[in-house]
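Encoded as structure tokens, the structure appears first; notes follow it.
On a predicted model such as this, the values are computed, not experimentally measured, just so you know.
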Amino acid sequence: MAVVLLFKTPLRRLAMLALDRLKRGRAPVMVRTVAATVLVVLASSLHSMAKIHGHAGAGELDAPAALSPTDQVLLARHLLEASLMGYILFLALVIDRLHSYIREMRGLKKNLEAVSKQNKTLEEAKPGRSDESKPHHNDIASLNEEIKKLKRQLKEKAEEAKDAEAKALAAQTQSEGLARKYDRLLEDNKHLHEQLQSGDIPLSRSDGKKNA
């Protein structure tokens with residue numbers, strides 16, 4: 001959805017219509033409920049990380065030497081889940097802001113076009129008498145000022161939309177990297193379970209205790 005909103009294509013119009021409908025009726029309540037659920041999952045992952053860290057008795061989360069291999073895999077998994085939940089919330093916020101900026105830009109463009117047409121009509125319909133032309137000149141001057149103001153607002157909204165697009169692209173790149181890390185983590189977890197089932201890790205621990 002974020003990528004579709006970044007580029008001016010026919011899909012953007014469909015996405016805008018879908019988001020417009022999504023923000024009507026009971027849909028905002030459902031969206032807030034889903035966001036709250038994701039936030040709860042994020043808090044749960046953070047709590048699990050703190051719990052594993054507490055069992056390990058380490059001083060910092062970045063001290064893997066104090067954790068067992070199982071705890072290291074679980075801690076990395078919870079950390080990755082928390083990161084994914086955070087990026088999901090961030091992307092949802094970016095999509096919402098992009099939708100708002102695009103709507104505001106469309107409204108400003110429509111107002112600018114209407115004012116430009118009105119200004120053009122006044123310039124073409126200049127009266128012959130100088131006394132009657134003075135109020136029209138004042139109207140034209142005020143319309144020109146309004147056009148300049150609308151152009152400044154449109155430029156500001158365009159800059160804000162560009163910033164939001166850049167943030168969305170960065171978040172998408174980071175999400176792809178996290179997905180690849182998650183796949184590698186699943187492979188490591190599977191390998192660790194195979195080692196636990198084969199008894200290699202308990203044996204190495206008992207040897208370490210005897211040596212100590």
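Taking a 4.5 Å side-chain heavy-atom cut-off between Ile, Leu, Val, Met, Phe, Trp and Tyr, the cluster of L14 extends to V4, L11. Under a 4.5 Å side-chain heavy-atom cut-off, the cluster of Ile, Leu, Val, Met, Phe, Trp and Tyr residues that includes F90 is completed by M1, V3, L5, L6, F7, M16, L19, L22, V31, V94, I95, L98, I102, L169. L91 forms part of no hydrophobic cluster, judged by ILVMFWY side-chain heavy-atom separations under 4.5 Å. Clustering of Ile, Leu, Val, Met, Phe, Trp and Tyr by side-chain heavy atoms under 4.5 Å joins V40 with none of the others.
Residues satisfying the side-chain contact (heavy atoms from CB on, under 4.5 Å) test with K151, not counting sequence neighbours, are L112, I147. Scanning for salt bridge (charged side-chain N to carboxylate O under 4.0 Å, His left out) contacts around K23 gives D96, with sequence neighbours left out. Legend: residues meeting side-chain contact (heavy atoms from CB on, under 4.5 Å) with R13, ordered by chain and number and at least two apart, are absent. Taking the side-chain contact (heavy atoms from CB on, under 4.5 Å) definition, one finds that E156 meets it with nothing, sequence neighbours left out. Checked against side chain to side chain donor-acceptor pair (under 3.5 Å), K167 has no partners two or more places apart in sequence or in another chain. In this structure, E159 has no side chain to side chain donor-acceptor pair (under 3.5 Å) partners at least two apart in sequence or on a different chain. With sequence neighbours excluded, the residues satisfying side chain to side chain donor-acceptor pair (under 3.5 Å) with D20 are H99. For H191, the side chain to side chain donor-acceptor pair (under 3.5 Å) partners two or more places apart in sequence, or in a different chain, are Q195.
For the residue pair M85 and L42, the shortest heavy atom distance occurs at CB-CB, 3.9 Å. Residues A82 and L46 come closest through the heavy atom pair CB-CD2, 4.1 Å. Summarising the geometry of L143 relative to V115, their closest heavy-atom pair is O-CG1, 3.8 Å, with the distance given to 0.1 Å.
For the atom pair CG of L74 and CD1 of I52, the computed distance is 5.0 Å after rounding to the nearest 0.5 Å. For the atom pair T173 OG1 and Y87 OH, the distance stands at 10.0 Å (nearest 0.5 Å). Considering OG of S45 and CD of E81, their distance stands at 4.5 Å, rounded to 0.5 Å. Here OG of S116 is found 8.5 Å from CG of L150. Values are rounded to the nearest 0.5 Å. With values rounded to the nearest 0.5 angstrom, K181 atom NZ is found 10.5 Å from L84 atom CG.
Taking hydrophobic clusters as Ile, Leu, Val, Met, Phe, Trp and Tyr residues chained together by side-chain heavy-atom distances below 4.5 Å, L39 shares a cluster with V41.
Screening R152, M105, K109, R106 for a side-chain contact (heavy atoms from CB on, under 4.5 Å) with K157, the sole residue that qualifies is M105.
Considering only heavy atoms from C-beta on, S142 stays 4.5 Å or farther from E146 through its side chain.
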**Prompt:** Can you check side chain to side chain contact (heavy atoms under 4.5 Å, CB included) on E145 and K149, steps first, answer last?
**Reply:** CA-CA 6 Å; E145 291 294 332; K149 183 179 178 181; over 6 Å; no
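For R77, the CZ atom sits in a loose shell: 12 or fewer heavy atoms of surrounding residues, nucleotides or ligands are nearer than 6.0 Å.
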